[in-house]
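What follows is one structure encoded as structure tokens, with my remarks underneath.
Throughout, protein chains are lettered first and strands after them, A, B, ... in sequence-line order, and every chain is numbered starting at 1.
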Number of protein chains: 2
Amino acid sequence: MQIGEFSELSGVSIKTLRYYEEVGLLPAPNRTKSGYRDYSNQLLGRLQFIKNAKAVGFSLREIREILFYRERGEIPCSHVNSLLQKHFEECQRKIRELEEAKDTILVLITRAKRLKPADCNAESICHLV
Amino acid sequence: MQIGEFSELSGVSIKTLRYYEEVGLLPAPNRTKSGYRDYSNQLLGRLQFIKNAKAVGFSLREIREILFYRERGEIPCSHVNSLLQKHFEECQRKIRELEEAKDTILVLITRAKRLKPADCNAESICHLV
DNA sequence: CTTGACTCTCCATTTACTGGAGGGTTTATA
DNA sequence: TATAAACCCTCCAGTAAATGGAGAGTCAAG
């Protein structure tokens, strides 16, 4: 199938598919005699793997590494395990940061309701922040 | 004071200070006759504002806009208010996403404990993900 | 007078794409 | 047969927010 259909099926944009190919996440597909990419259904699995891995926070570089393990016939389990651990901690850290930011914003919004623009003074850049 | 000291005091790296100047977040400071930047304490306030705004998720572009309002003598309150609203929602959205990712990772880690590498098969790229 | 710690500018790189220019191909319709 | 719409191609540039490094100038101490 050509790239448009493949993009529809996989939910990955045409631009991104070509990009993934360029950076080595997807193998170069066959071409029709006019040069169009001709994808096989098989690749959908690989793309799903990439999407799953991305969803848990893996970078494209990390995903490519896992794929390379596979291609060399090695089993990436322990590597993947430590990545999972790392991203779990990363997730927690980011969530904490965001919770803090959210709380701060809430305070600012609440304070903003009590203030009138007339209270603005030139000294502070913006007293809301 | 020169850039190194200013960087220490503000907690913003030298590189970043020069970058902020380049993109218009900081005014170009005076220079010594040998061309070194010569910062005044005054700028610390502006930098603190930038750090606060960044901490609640404002982009540098948004921060610059607020600063520009100020420089034109306008009061950016309602603008800032809508930005706060926007970033509050953004925060919530990101937190939800991260919670989901975290849960997924937990499931994967738990599953990984039950599996032995021997269970790996070639069909799936990595059954952990 | 030289060594080390500063500083300067300019350029390249990072991530994960996205947008656009300029052009070829295929298919349906007039 | 012409042509228009809807595909597809490659290549180049740009995004955000810095960071890293090269190569060179400056300043203070020993």
| field | Residue closer to the 5' end of DNA chain D, B:Ser59 versus A:Tyr39 (nearest nucleotide) | value | A:Tyr39

| Out of D:dC8, C:dC17, C:dG19, which has the shortest distance to the side chain of A:Leu60? | C:dC17

| request: Mind listing the closest non-hydrogen atom pair of B:Pro29 and B:Tyr39 along with its distance? | output: CG-CE2, 3.8 Å

| note | Side-chain atoms of A:Lys54 come closest, of C:dC17, D:dC7, D:dT19, to C:dC17

| said: Tell me the interatomic distance from B:Leu17, atom CG, to C:dC8, atom P, rounded to whole angstroms. | reply: 10 Å

| field | Residues within residues 4-14 of chain B bordering DNA chain D, heavy-atom distance below 4.0 Å | value | B:Ser13

| Looking at A:Arg93 and A:Glu97, does any basic side-chain N land under 4.0 Å from a carboxylate oxygen? | yes

| message | Does D:dA18 have OP1 or OP2 under 4.0 Å away from a side-chain N or O of B:Tyr20? | response | yes

| message | Can you tell me if A:Lys33 touches the phosphate of D:dC9, counting only side-chain N or O atoms and a distance under 4.0 Å to OP1 or OP2? | response | no

| request: Kindly point out which of C:dG20, C:dC17, C:dC10 is positioned nearest to the side chain of B:Lys15? | output: C:dC10

| Looking at side-chain heavy atoms only, is the closest gap between B:Arg18 and B:Ile3 below 4.5 Å? | yes

| query | Hey, are B:Asn52 and B:Gln48 close enough side-chain-wise for a donor-acceptor pair under 3.5 Å? | reply | yes

| request: Could you tell me whether the phosphate oxygens of D:dT10, OP1 or OP2, come under 4.0 Å of any side-chain nitrogen or oxygen in A:Arg37? | output: yes

| C:dT9, C:dC6, C:dC17: which one has an atom nearest the side-chain heavy atoms of A:Tyr19? | C:dC17

| task | For the pair A:Lys94 and A:Glu89, find out whether any cationic side-chain nitrogen is under 4.0 Å from an anionic carboxylate oxygen. | result | no

| request: Might you work through the salt bridge (Lys or Arg N to Asp or Glu O under 4.0 Å) test for B:Glu71 and B:Arg46, ending with a clear yes or no? | output: CA-CA 12 Å; B:Glu71 273 155 25; B:Arg46 183 154 173 152; 3.1 Å; yes

| field | Nearest-angstrom distance from the residue atom CZ of B:Phe58 to C1' of D:dA16 | value | 17 Å

| query | A:Met1 CE to C:dT26 C1': how many Å, rounded? | reply | 19 Å

| field | Interatomic distance where CD1 belongs to A:Ile50 and P belongs to C:dA16 [whole Å] | value | 12 Å

| query | For B:Leu47 and D:dA17, what is the distance between atoms CG and C1' respectively, to the nearest whole Å? | reply | 15 Å

| query | Going by number, which of residues 22-32 of chain B have a non-hydrogen atom under 4.0 Å from DNA chain D? | reply | none

| Do B:Glu62 and B:His87 meet the criterion of a side-chain donor-acceptor pair at a distance under 3.5 Å? | yes

| field | Exercise: identify the closest heavy-atom pair between B:Cys91 and A:Ala101 | value | SG-CB, 4.0 Å

| field | A:Ser34 vs D:dC9: side-chain N/O to OP1/OP2 distance below 4.0 Å | value | no

| Would a hydrophobic clustering, with Ile, Leu, Val, Met, Phe, Trp and Tyr connected at side-chain separations under 4.5 Å, put B:Leu83 with B:Tyr69? | no

| remark: Rounded to whole Å, CD of A:Glu21 lies from P of C:dC17 at a distance of 15 Å

| note | Rounded to whole Å, the OH-P distance (A:Tyr36 to D:dA6) equals 14 Å

| task | Could you tell me which non-hydrogen atom of B:Ile105 sits nearest to which non-hydrogen atom of A:Val56, and how far apart they are? | result | CD1-O, 3.5 Å

| task | Take the protein atom CD of A:Gln2 and the nucleotide atom C1' of C:dT25, then report the distance between them rounded to whole Å. | result | 10 Å

| Carboxylate-amine/guanidinium proximity below 4.0 Å for B:Glu99 and B:Arg96 | no

| query | Quick one: is C:dT9 close enough that its OP1 or OP2 comes under 4.0 Å of any side-chain N or O from B:Arg18? | reply | no

| Any donor and acceptor pair, going by atom type alone, linking the side chain of A:Thr104 with main-chain N or O of A:Glu100 inside 3.5 Å? | yes

| note | Between A:Tyr19 and the options A:Val12, A:Leu26, A:Leu60, the side chain to side chain contact (heavy atoms under 4.5 Å, CB included) test singles out A:Leu60

| remark: Taking five pairs at each terminus, the helix from C:dC1-D:dG30 to C:dA30-D:dT1 shows an axis bend, to 10°, of 30°

